[in-house]
Asks: 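Have a look at this one.
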Amino acid sequence: MKKYFIQKSPFVVPTIDGKIIKEHHGKVATNNSEISIAHMMAPPKWSEPFQTPEFDEYTFIISGKKQFIIDGETVILEAGQSIKIEKNTRVQYSNPFDEPCEYIAICNPAFDFEKVNRE
């Protein structure tokens, strides 16, 4: 029995805002509620509503820039930078810039739409 799993077919999360979400590991893709790993592409001028997730979220920027409003403070990350946002923190994610933003998001425990608490 193999002690590893290679993800070749991530779950593509349906969206209506132009954002591309490919969950490689997590609740939907691999029935893993402990952690989720997703490859994301946020289009220019994209944003989400404020939310207060019940999980820690780590973000690593591959290309472009991403804006975070965290408890009222605006933080902008660029390619090669990363951030950890602790659970139960009010945050808004956006890409108000002219270029797409490609990034990896890791949630611990795994992303759960019922625990993201969007406003």
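Just so it is clear, the values below take in all heavy atoms, side chains as well, and ignore hydrogens, waters and symmetry mates. Note that the coordinates shown come from a computational prediction; the quantities given were computed from them, not determined experimentally. Residue indices begin at 1 and follow the sequence shown.
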Asks: S33 and P109: which non-hydrogen atoms are nearest, and at how many Å?
Replies: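 Here S33 and P109 meet closest at O-CB, 3.4 Å.
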Asks: Sort and list the pairs that fulfil ring pair (Phe, Tyr, Trp, His ring centres under 6.0 Å) and have at least one residue in residues 32-51, not counting sequence neighbours.
Replies: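 Not a single pair qualifies under ring pair (Phe, Tyr, Trp, His ring centres under 6.0 Å).
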Asks: Is any side-chain heavy atom of C101 less than 4.5 Å from a side-chain heavy atom of K65?
Replies: no
Asks: If you group Ile, Leu, Val, Met, Phe, Trp and Tyr by side-chain heavy-atom gaps below 4.5 Å, do I37 and M40 land in one group?
Replies: no
Asks: Okay, side chain of N32, backbone of S36: is any donor-acceptor separation there less than 3.5 Å?
Replies: no
Asks: When you compare the side chain of I106 with that of I104, does any pair of heavy atoms fall below 4.5 Å?
Replies: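 They are in contact (side-chain heavy atoms under 4.5 Å apart), so the answer is yes.
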Asks: With sequence neighbours left out, which residue pairs that include part of residues 63-96 fulfil the ring pair (Phe, Tyr, Trp, His ring centres under 6.0 Å) condition?
Replies: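 For residues 63-96: F68-Y93.
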Asks: So does V28 get a backbone contact from the side chain of E23, meaning a donor-acceptor N/O pair under 3.5 Å?
Replies: yes
Asks: Can you name the nearest heavy-atom pair linking P100 to P44, along with the distance?
Replies: N-CG, 3.8 Å
Asks: Distance-only, no hydrogens or angles: does the N117 side chain make a donor-acceptor pair with backbone N or O of P53 under 3.5 Å?
Replies: no
Asks: Other than M41, which residues form its hydrophobic cluster under the rule that side-chain heavy atoms must be closer than 4.5 Å?
Replies: I20
Asks: Quick check: closest heavy atoms across H25 and F5, and the distance to 0.1 Å?
Replies: CE1-CD2, 3.8 Å
Asks: Quick check on the hydrophobic clustering: are I21 and I61 connected, directly or via other members, by side-chain heavy-atom contacts under 4.5 Å?
Replies: yes
Asks: Check whether any side-chain N or O of E54 sits under 3.5 Å from a backbone N or O of K87 as a donor-acceptor pair, and report yes or no.
Replies: no
Asks: Apply side-chain hydrogen bond (donor to acceptor under 3.5 Å, both in side chains) to D98 and list each qualifying residue two or more places apart in sequence or on a separate chain.
Replies: K45
Asks: Name all pairs fulfilling the ring pair (Phe, Tyr, Trp, His ring centres under 6.0 Å) condition that reach into residues 98-119, sequence neighbours left out, sorted by first residue then second.
Replies: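 Sorted result for residues 98-119: F55-F111.
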Asks: If you compare all heavy atoms of Q51 against all heavy atoms of V116, which two are closest, and at what distance to 0.1 Å?
Replies: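 Shortest heavy-atom contact: OE1-CG2, 2.9 Å.
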Asks: In this structure, are over 12 heavy atoms from other groups packed under 6.0 Å from D17 atom CG?
Replies: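 For D17, atom CG is crowded (more than 12 foreign heavy atoms under 6.0 Å).
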Asks: Tell me if the CD atom of E86 is crowded by more than 12 foreign heavy atoms within 6.0 Å.
Replies: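 It does not: E86 CD has 12 such atoms or fewer within range.
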Asks: Should the heavy atoms of other residues, nucleotides or ligands under 6.0 Å from NZ of K115 be counted, would the total exceed 12?
Replies: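 No, NZ of K115 has 12 or fewer neighbouring heavy atoms, counting only those of other groups under 6.0 Å.
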Asks: Are the side chains of Q92 and E119 in touch, meaning some heavy atoms are under 4.5 Å apart?
Replies: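 A side-chain contact is absent here, since even the closest heavy-atom pair is not under 4.5 Å.
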Asks: Identify each donor-acceptor pair in which a side-chain atom of residues 72-84 lies under 3.5 Å from a protein atom, sequence neighbours left out, and give them as a table.
Replies:
unit_1	atom_1	unit_2	atom_2	d
Q81	OE1	E78	N	2.8

